[in-house]
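Everything numeric in this text was worked out from a predicted model, so none of it was measured. Lettering follows sequence order; numbering is per chain, from 1.
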Amino acid sequence: MPDAATDRRVEDLFTGLNAPQEEAVRHVDGPLLVLAGAGSGKTRVLTHRIAHLIHTKHARADEILAITFTNKAAQEMRERVELLVGRAVRAMWVMTFHSACARMLRADAQRLGYTRQFTIYDAADQRRAIKKCLDELDVDAKRFTPRAMQAQISDAKNKLRSPEQYREIVGSYFEQTVADVYEEYERQLHRANAMDFDDLLVRTVNLLELFQEVRDRYQSAFRYVLVDEYQDTNHAQYRLLQLLAGGHRNLMVVGDEDQSVYGFRGADIRNILGFDEDYPDASTIKLEQNYRSTQSILSSANAVVANNRGRLGKELWTEVGEGDSIKIRECDDDHAEARFVAAEIERLGDEGVSREEIAIFYRTNAMSRVVEDMLTRAGISYQVIGGTKFYDRAEIKDAIGYLNFIVNPQDVQAFSRVVNSPRRGIGQTSMSRVLAHANTMGLTPWEAADGAAGVPLLGSAAVKAFGRFMSVMTRLKERAELETPVGELLEDVLRETGYTDALQAERTIEAQGRLENLEALVVAAREYDTRSPDGTVGEFLQEISLLSEQDNLRDDEGLVTLMTLHNAKGLEYPIVFIIGCEDGMFPHSRAIDEGDVEEERRLCYVGMTRAMRDLYMTFARRRSTFGGPGQYGLRSRFLDEIPRDLTDEPERAQIGIRSRAVTSWARASEGSAAAAAMTSTAPAAVFAIGDDVVHAAFGEGVVTGVDPGGVVVVRFAGDGSERRLMADYAPIKRR
DNA sequence: TTTATTTGATTTTTT
DNA sequence: ATCAAATAAA
C-alpha cells in the first residue's frame, strides 16, 4: 500500500519537469520513443522514469536494464539514479552494451565453445590477427590491407552476417578475399578463446537466439529495458534489444536522429527513424526545450541541421535568451588559428572564465598537435581526450598481455606479445615453431611452450629460454589462482619477468616514462582491488578493455579540454571552440567523396550544441598536412549555413570571388586598403567546365563544375576523386 | 637473433 | 612529421 511518504516521493519526481518530460517519466508499460534534442534533459527523464518505476512498485530494481554507450554515461546515470532511489541502484544493470554483453557471455560462454576466461581483443589485437590470417592465406597484404579487411569484417559482424552468409553475397574478388579472411579469422579467434568488440554483441545475440532458456531467463529478468543514444545502435544491438524486450515490449529508447554520427561504425540511423514501424503501438515524445545553450547557438545549430533530409524534425528552443552571436574567425593558417585560440583563452581568463569551462573541438586527432604546441607556449594547461590512449601504449599492452596469457592459456596474441618482451632470446623463428607445434598437436600455446623440449626443430638455446620463461609463468599462474590481489600480481609479473629491470637498464627518458606508466597501471589495479574485493584478474582485464576515452575525462583541474567532435557528444562547456572549419577538413573530404555530408553536418550540430554561452568557429585559409607545405582550403559550407545575423561576421558577399577575397584580406591585414586594393585588382583565374588542368599535388584533372565564390570542381585522373578548390589559391593551372 | 636503416603510410570519426 | 613495419647488416 502506498503511504503518504511514498506519494510525496513520487510527486517529487515531477517537480521541475516540463510537460513532455513528465509524460515520459509517467510512462510505464509498452514501447516508448523519446526524441531528445541536445541539452533537453534526457538523462533526467531516464533516471526519473527509473525511479518512478521503482517508487510505484511497477518494477524491482533488479528488473531494470539501462543501457548506454560509454562507461561514463553509465556511471553518471547510476549516480543520478542513486540520488533518487538510494542503494537499490546496486541491483540494477546500468551499463554499456559491451559490458552487459560481456557479463552475459561470462555466464554462458561455454555454450558457444568459449571458456569463462575468454580474452577481449581490441582493435590493434584484431588488426594483428587479421594480418596473420592474410599471411597464412597467402593474400597480398599490399593489395588487401588489414585495415580494409578489418573494416569489412567488422561491418559484416555489425550486420550479423556470418562468414558463410557473407560468402553467399560476395560480388567481387575483393569480397571473395574478405570472405576467406573472415572465415579464417573467426577460426583463429575461437581457437584463441578470444572475442573482438563486435563479437561481444554478435555472440550474445547468438546465445539468445540459440538457447531459449537463456533468452527466457533474461526476458523475465529484465522487465524494463531503457536505452540511451538509440540513434547510434547498429543492427546487432537492434537485434539484441529485440531479443531482450521481445516478450514484454517494455522498451524505452531515447535518442536524437540529428546526433547520429557513428554511421561509419555500423550505426544504422534507420533504427530510430523506424522505431514506430517496429513498434506501431509506441508512444513518441519529443523534448525540444533546451536547458543548456543560448538561443543564438540553438538557432544556428537548428539552421545548419535543417539542411539534412530524413529527419523526424525538431526545433530546439530555450528560455535563456539570445546571448552573444556566433564568433567566426578566419585565420591565415593553422598556426594563426591556434594562436588566436590561445590568445582568446587568455583574454577570457582575464574576464574570469576558468580553464575547465573551455573546450576545443576538432575533426581529426591529428589537428590537436598545433593547438597543443601553442597552448604550451602560452602556459595554458590542457588535457587531450583521445589520440594515443593510455591502454594502447606498448608497455601497458605488454603488462596486460602477461595477465591475459596467465588467465587464458589459449591466447596466442598475448603469448606472442610477451614471449620475447623483455628480450630473452626467443625470436620470430622459435616462436613460430612452438605455435605451429601447438596447432598440429591441438595444444594451447601455453602447453606447447611448457613442453618446448618436444617441439621439433627447436634449438637447444631456445628450449632453455622457453624453460626459464615458462617456469616464471607457471609460478605466476599459481599465484593468480590463489586469488592474489590484482595489484600485487601485476607487480610480481613486472618484477619476475624482468620487465622492470630491462626498462631500468635502458636508462633513457623514454624508459623512465614507461616505468611511470606501468606504475600508474599498478595503481589502477590496486584501486580495482579496493573497489571490488571479490574481483578476479579476469574481471579486471575485462573492465580495462572496455574503457572508453571519455572515461579519462577530468573536470575539476583548471584544464582546457581538447577532443574530437565525436568525443564531445554528451558533454557541455560554457565556451566552445570548433577549429578547422574548412571544406575537406570539416566536412571531411572522405565524407564528401562518399556523399555522406549529412553525417558530417550532424557532427557539426553536435559540436555547436555543446556550447552553453559562447561558440567560436574558426577556419584557416592554409593548413599544413604531414608537415608539408600548406594546402589552401575553403571555409566550411557549414559556416555558410548559419544565418548571418546570428554571427559576428560583417556582410558576406552572396557570390563572386572578388568580394570574398577582399573581405578576407581586409580583415587579415586589419583593414589595409592597399592590400585589399591589390587583391581586388589581381587577375582572376578563370576556368570553364571541360578545361584540362594540372594540380601541383593531385596531378591532371578536368573541370566538372564552376561554383559561385570562385570555386572550381575538378575531377582528378589520378585517384578519380572530385575536389572543390578555390581558383585563386589552389595550385592549379590550365593545360 | 638482434640492431640499424630505410621505407612507407598515415589522417576521419571509436565502443 | 612521425611511427610502424620491412629490409639489411652485424
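Between Lys131(A) and the phosphate of dA6(C), there is a side-chain N or O to OP1/OP2 separation shorter than 4.0 Å. Between Asn365(A) and dT13(B) there is a side-chain polar atom (N or O) within less than 4.0 angstrom of OP1 or OP2.
With dT15(B), dT11(B), dT12(B) as the choices, the nucleotide that has an atom nearest any side-chain atom of Arg147(A) turns out to be dT11(B). With dT1(B), dT15(B), dT11(B) as the candidates, the nucleotide lying closest to the side chain of Ser430(A) is dT1(B). Distance from the side chain of Phe197(A) is smallest for dT15(B) among the nucleotides dT15(B), dT10(B), dT13(B). If you check dA6(C), dT12(B), dT15(B) against the side chain of Arg590(A), the one that comes closest is dT12(B). Nearest nucleotide to the Thr564(A) side chain, out of dT14(B), dA6(C), dT11(B): dT14(B). For His98(A), the listed nucleotide lying nearest its side chain is dT15(B); candidates were dT13(B), dT15(B), dT12(B).
Residue Arg423(A) contributes atom CZ, which lies 5 Å from atom P of dT3(B) at whole-angstrom precision. Atom P of nucleotide dT14(B) and atom CD of Glu229(A) are separated by 15 Å, given to the nearest angstrom. Rounded to a whole Å, the CZ atom of Phe264(A) is 4 Å from the C1' atom of dT13(B). Counting to the nearest Å, the P atom of dT15(B) and the NZ atom of Lys157(A) are 18 Å from each other. We find that CD1 of Ile269(A) is positioned 16 Å from C1' of dT13(B), with the value rounded to whole Å. Rounded to an integer number of Å, the gap from CD1 of Ile120(A) to C1' of dT14(B) is 16 Å. Look at CE on Met563(A): it is 14 Å from C1' on dT14(B), rounded to the nearest Å. In this structure, the CE atom of Met431(A) is 10 Å from the P atom of dT1(B), given to the nearest Å.
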Worksheet item: When Watson-Crick pairs (N1 to N3 and N6-O4 or O6-N4) and G-U wobble pairs (N1-O2 and O6-N3) count only below 3.5 Å on both distances, what is the dot-bracket string of DNA chain B, with | for other-strand pairs?
Response: ||||||||||.....
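With a 6.0 Å radius and a threshold of 12 heavy atoms from other residues, nucleotides or ligands, Arg270(A) has its CZ atom at or below the threshold.
Here His588(A) counts as stacked on dT12(B): its ring centre is under 5.5 angstrom from the base ring centre and the planes meet at under 30°. Phe69(A) does not qualify as a stacking partner of the dT15(B) base, lacking a centre-to-centre distance under 5.5 Å together with planes within 30°.
The salt bridge (Lys or Arg N to Asp or Glu O under 4.0 Å) test with Asp125(A) is passed by exactly one of Lys132(A), Lys131(A), Arg417(A), Lys397(A): Lys397(A).
Each of Arg424(A) and Leu603(A) was assigned the nucleotide of DNA chain B with the nearest heavy atom; the assignment lying further toward the 5' end belongs to Arg424(A). Map Leu201(A) and Ile426(A) each onto its nearest nucleotide of DNA chain B; the residue landing nearer the 5' end is Ile426(A).
Arg602(A) comes within 4.0 angstrom of no nucleic acid atom, judged by non-hydrogen atoms across all strands. Asp232(A) comes within 4.0 angstrom of nothing in the nucleic acid, heavy atoms only. Contact annotation for Tyr262(A): backbone-only contact, meaning every heavy-atom pair under 4.0 Å involves sugar-phosphate atoms and none involves a base. Nucleic acid contact class of Asn420(A) (heavy atoms, under 4.0 Å, all strands): sugar-phosphate only. Here Gly263(A) lies out of heavy-atom contact (under 4.0 Å) with every strand.
For Tyr499(A) and Asp398(A), the side-chain atoms include at least one donor-acceptor pair closer than 3.5 Å.
Taking atom C1' in both dA5(C) and dT12(B), the straight-line distance is 23 Å, to the nearest Å.
With respect to Lys159(A) and Asp155(A), a salt bridge is recorded, a charged nitrogen being found less than 4.0 Å from a carboxylate O. For the pair Arg623(A) and Glu337(A), the salt-bridge criterion is met [side-chain N within less than 4.0 Å of a carboxylate O].
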Fill in: Worked verdict on Asn517(A) versus Arg514(A) for side-chain hydrogen bond (donor to acceptor under 3.5 Å, both in side chains)
CA-CA 5 Å; Asn517(A) 289 334; Arg514(A) 287 172 194 275; over 6 Å; no
Discussion item. Please determine whether side-chain hydrogen bond (donor to acceptor under 3.5 Å, both in side chains) holds for the pair Glu229(A) and Gln231(A), giving the CA-CA distance in whole Å, both sets of side-chain angles, and the decisive distance to 0.1 Å.
Written reply: CA-CA 5 Å; Glu229(A) 306 277 14; Gln231(A) 76 282 353; 2.7 Å; yes
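Cation-pi geometry between Arg106(A) and Phe118(A) is satisfied (NZ or CZ under 6.0 Å from the ring centre, within 45° of the ring normal).
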N/O donor-acceptor pairs under 3.5 Å from side chains in residues 458-469 of chain A, not counting sequence neighbours:
none

